[in-house]
Each structure stands twice: as C-alpha cells, then as structure tokens.
Amino acid sequence: MSSPYAAPIVGWYQRNARDLPWRRPDASPWSILVSEIMLQQTQVARVLPAHAAWLERWPTPRALADATPGDAVRQWGRLGYPRRAIRLHATAGELVAKHNGQVPSDAATLAQLPGVGSYTAAAVASFAFGQREPVLDTNVRRVLGRLIAGEATPRQATSAAERRMAEQLLPQDGRQAARWSVAVMELGALICSATSPNCQQCPVADRCRWKQAGSPPAPPHRPGVRYQGTDRQCRGALLAVLRATPGAVTPDDLAAAWPEAEQRTRSLASLAADGLVAELPDGSLTLPTASA
DNA sequence: TAGGCGTGGTT
DNA sequence: TAACCAAGCCT
C-alpha cells in the first residue's frame, strides 16, 4: 500500500461496498462506460434501472450506433441532461468508425470521445482496464479534501495541488489503483457525504484533518440558481412532449406545453443546436432520426 | 472560467 | 419546503 490511508479505506470498501452491476467482474467496458455517463450528476438509485434497460437494448457500441439518436433520447427517459444521450450515441458511432467497435483502454483516447471528460476517461481506463489513472470525482475530492487538507468541501475547480495529491496517493499497480479509487468514491458516497458525514463509521476518522479541526463548516457559496421559469425547465418540458410522442409533434403541441412564445422559440433553437430536436419540411418537430 | 445544462431524491 | 445535492461536460 502506498499510503497510510489505503489499507483502512480499501478494507472498509471490501466489507461495505454496494453490489453494483458495473462493478461486477464480468462487466464489459461498454457497460462501465455507459454507467459512468449515466452517473454524471445523477444518483445511483436512478441509474440502476436505466443502465440495465440500456444494456439490455444495446449490449454493444455497435448496437447503439445502429439506432437513431432519437431512439437514444427516448431510451434515456427522464434521467436528465439528455445531451448525454446524444453524446453517448455519437460516442458509439466513433467507437465503430475509429476503434473497431471497442472501448479504448487509455484515458487520453477516451477523453476525445463526446461526453467523456477527464473524470469519465480516467474512471473507464481505471475501472474497465486497470490503467493507473487518478480518478478525481466530487466524492474523491471531498474525502481527500477533508482527510488531508482539512476543508469541508472542495473548491469549484480542481486545483493542481489536488491532482498532485491524488497522484501521490495512487498505488503503483493499476489494479490496486482502481480498487483504491473506487473505495474512496464509495466512502464519499456512503460515509463522508456532503451534508451529513457519518464519522462514527469512518475507517480513517482517527487521522482526518477536518475532524481534528472540529469539522469546520464550508464557506458560504454563491446563491443557488433557480430552475422555475428558466430555459432549462422550458427545454425539459418541450423534450418531454417529444419523447412521449411517436413521430412528429406540431408547434401547437409545444405551445401547449410551454405557452411563453419567446422563451419557447429560444429553447427550441438551443435544443436543435444540441442535436436534440429536428425540424421537418412541414414545420413539425421530431427527435433526431439521423446523425446531428 | 463561469455559467448553462434535467430530473428527482433528500433534508 | 425551498434549497441542496447527485460518479461532470462543454463552451
């Protein structure tokens, strides 16, 4: 083990880890990639059924690439951030076109896929292929931030110091590095949570700088962003109509879902720019049926 | 780099 | 109950 934290945290993980489909030994890289995309800003409990249904329908990248982007958006359902469905479909196409239908094993190649950023690239390289990559998600950042820096919550942007710290803590062996990363993530999800950490159950509470400092609260952050009445809500309402309707919908159908015309028009344009909506020659709207 | 981007569970 | 939060990405 490469740090005094590894043994207690990995040991805790082996006793307390949830049994999740994408963690099973027989999980394919594709299954793991799909899970990582779905888990972006989305709770595990909501991802579980969506992931199972997605893999049942599209067990391989090639299967998804043969579907339309609209199929992907419909299957995505109400998971949120439907651009993820469009980008996952586009990724499937790239895997077929450039990677022989396979998920690449190195983080740099993964990071070039649409919808795959630094976190997801590292997670797939590590969890699916045992590559030695630091996996820095919000859980890891919070756990290490508390444990070592003594701060309640991470800053908004990942700092170079955080990357150095994650790198230094990472075991040398790739498989052990993956086990360490998933263990820290799980600790952050189950014990060292954002709002109500359960330090009584924490395997490293005796060496946590944040706890030693008396668990000081996080500094106040910027006023929360509203949702009611935003373009986001409008986009969601319009897309819900499109998902629920086989074939095309009329502009009147959309007007019924969101009466405010100016905002509706603007949101529809942004959905089209994202490749989430297509306009037919007769002026009706559909989910995209070909590559955007 | 700050802000936009969905949806639902939790407190 | 109105925030807050949830395995981020992109521009």
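Quick note: numbers below take in every heavy atom, side chains included, and nothing from hydrogens, waters or symmetry partners.
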**A/R226 atom CZ, over 12 foreign heavy atoms within 6.0 Å** =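 Atom CZ in A/R226 is not packed in, count stays at 12 or less.
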**Message:** Looking at A/S31 and A/A27, would you say the former's side chain and the latter's main chain have a donor-acceptor pair under 3.5 Å?
**Reply:**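 Between the backbone of A/A27 and the side chain of A/S31 there is no qualifying donor-acceptor contact (under 3.5 Å).
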**Prompt:** Where the side chain of A/D282 meets the backbone of A/S284, is there a donor-acceptor pair that is under 3.5 Å apart?
**Reply:**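 A pair under 3.5 Å: yes.
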May I have the distance from [X] (atom [atom1]) to [N] (atom [atom2]), rounded to whole angstrom?
X: A/Y13; N: C/dA7; atom1: OH; atom2: P; answer: 14 Å
X: A/L79; N: B/dC5; atom1: CG; atom2: P; answer: 19 Å
X: A/R18; N: C/dA6; atom1: CZ; atom2: C1'; answer: 11 Å
X: A/W180; N: C/dA7; atom1: CH2; atom2: P; answer: 17 Å
X: A/Q40; N: B/dT7; atom1: CD; atom2: P; answer: 16 Å
X: A/I86; N: C/dC9; atom1: CD1; atom2: C1'; answer: 15 Å
X: A/R46; N: C/dA6; atom1: CZ; atom2: P; answer: 14 Å
X: A/E36; N: C/dA6; atom1: CD; atom2: C1'; answer: 14 Å

**Message:** Go through it in stages, so that I can follow the logic: the residues are A/R146 and A/S215, the test is side chain to side chain donor-acceptor pair (under 3.5 Å), and I'd like the CA-CA distance, side-chain angles, deciding distance and then a yes or no.
**Reply:** CA-CA 9 Å; A/R146 286 175 178 172; A/S215 305; over 6 Å; no
Looking for any heavy atom pair under 4.0 Å, which part of the strands does [X] touch: base, sugar-phosphate only, or nothing?
X: A/I37; value: nothing
X: A/R78; value: sugar-phosphate
X: A/G117; value: sugar-phosphate
X: A/S270; value: nothing
X: A/W76; value: nothing
X: A/A194; value: sugar-phosphate
X: A/I32; value: nothing

Please report the distance separating the [atom1] of [N] from the corresponding atom of [M], rounded so that it comes out in whole Å.
N: C/dA7; M: B/dG4; atom1: P; value: 23 Å
N: B/dG3; M: C/dC4; atom1: P; value: 16 Å
N: B/dG6; M: C/dT11; atom1: P; value: 14 Å
N: B/dT1; M: C/dA6; atom1: C1'; value: 23 Å

Is the phosphate of [N] approached by [X] (side-chain N or O, under 4.0 Å from OP1 or OP2)?
X: A/R266; N: B/dG4; value: no
X: A/Q43; N: B/dG9; value: no
X: A/R235; N: B/dG6; value: yes
X: A/S193; N: C/dC5; value: no

**Prompt:** Where each residue is assigned the nucleotide of DNA chain C containing its nearest heavy atom, which of A/V44 and A/V116 is assigned the position nearer the 5′ end?
**Reply:**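 It is A/V44 whose nearest nucleotide is closer to the 5' end.
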**Item:** Toward the 5' end of DNA chain C, by each residue's nearest nucleotide, A/G188 or A/P114
**Value:**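 Upstream on the strand: A/G188.
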**Asked** Below 3.5 Å, does any donor atom in the side chain of A/R232 face an acceptor in the base of B/dG6, or the other way round?
**Response**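 Such a pair is found, so the answer is yes.
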**Asked** So does A/S118 reach the base of C/dG8 with its side chain, donor to acceptor, closer than 3.5 Å?
**Response**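 When only heavy-atom distances are counted, A/S118 does not reach the base of C/dG8 through any donor-acceptor pair under 3.5 Å.
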**Message:** Would you compute the distance between atom CG of A/L287 and atom OG1 of A/T68 and round it to the nearest 0.5 angstrom?
**Reply:**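 If I round to the nearest 0.5 Å, the distance is 8.0 Å.
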**Item:** Residue mapping more 5' on DNA chain B - nearest nucleotide basis, A/P82 or A/S196
**Value:**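 Of the two residues, A/P82 wins.
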May I ask you to check whether [X] and [Y] show a side-chain donor-acceptor distance below 3.5 Å?
X: A/Y119; Y: A/R141; result: no
X: A/S270; Y: A/R235; result: yes
X: A/Q131; Y: A/D106; result: no

**Among B/dT7, B/dC5, C/dA7, the nucleotide that comes nearest once only the side chain of A/Y119 is considered** =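 The listed nucleotide nearest to A/Y119's side chain is C/dA7.
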**Item:** From C/dC5, B/dG8, B/dC5, nucleotide with atom closest to A/R83 side chain
**Value:**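 When the side chain of A/R83 is considered, B/dC5 is the closest of C/dC5, B/dG8, B/dC5.
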**Request:** Enumerate the residues from residues 133-158 of chain A whose closest heavy atom to DNA chain B is under 4.0 Å, giving them by residue number; use none for an empty result.
**Result:**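 Correct list: A/Q156.
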**Message:** Would you say the ring centers of A/W58 and A/W30 fall short of 6.0 Å from each other?
**Reply:**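 When the ring centroids of A/W58 and A/W30 are compared, they turn out to be at least 6.0 Å apart.
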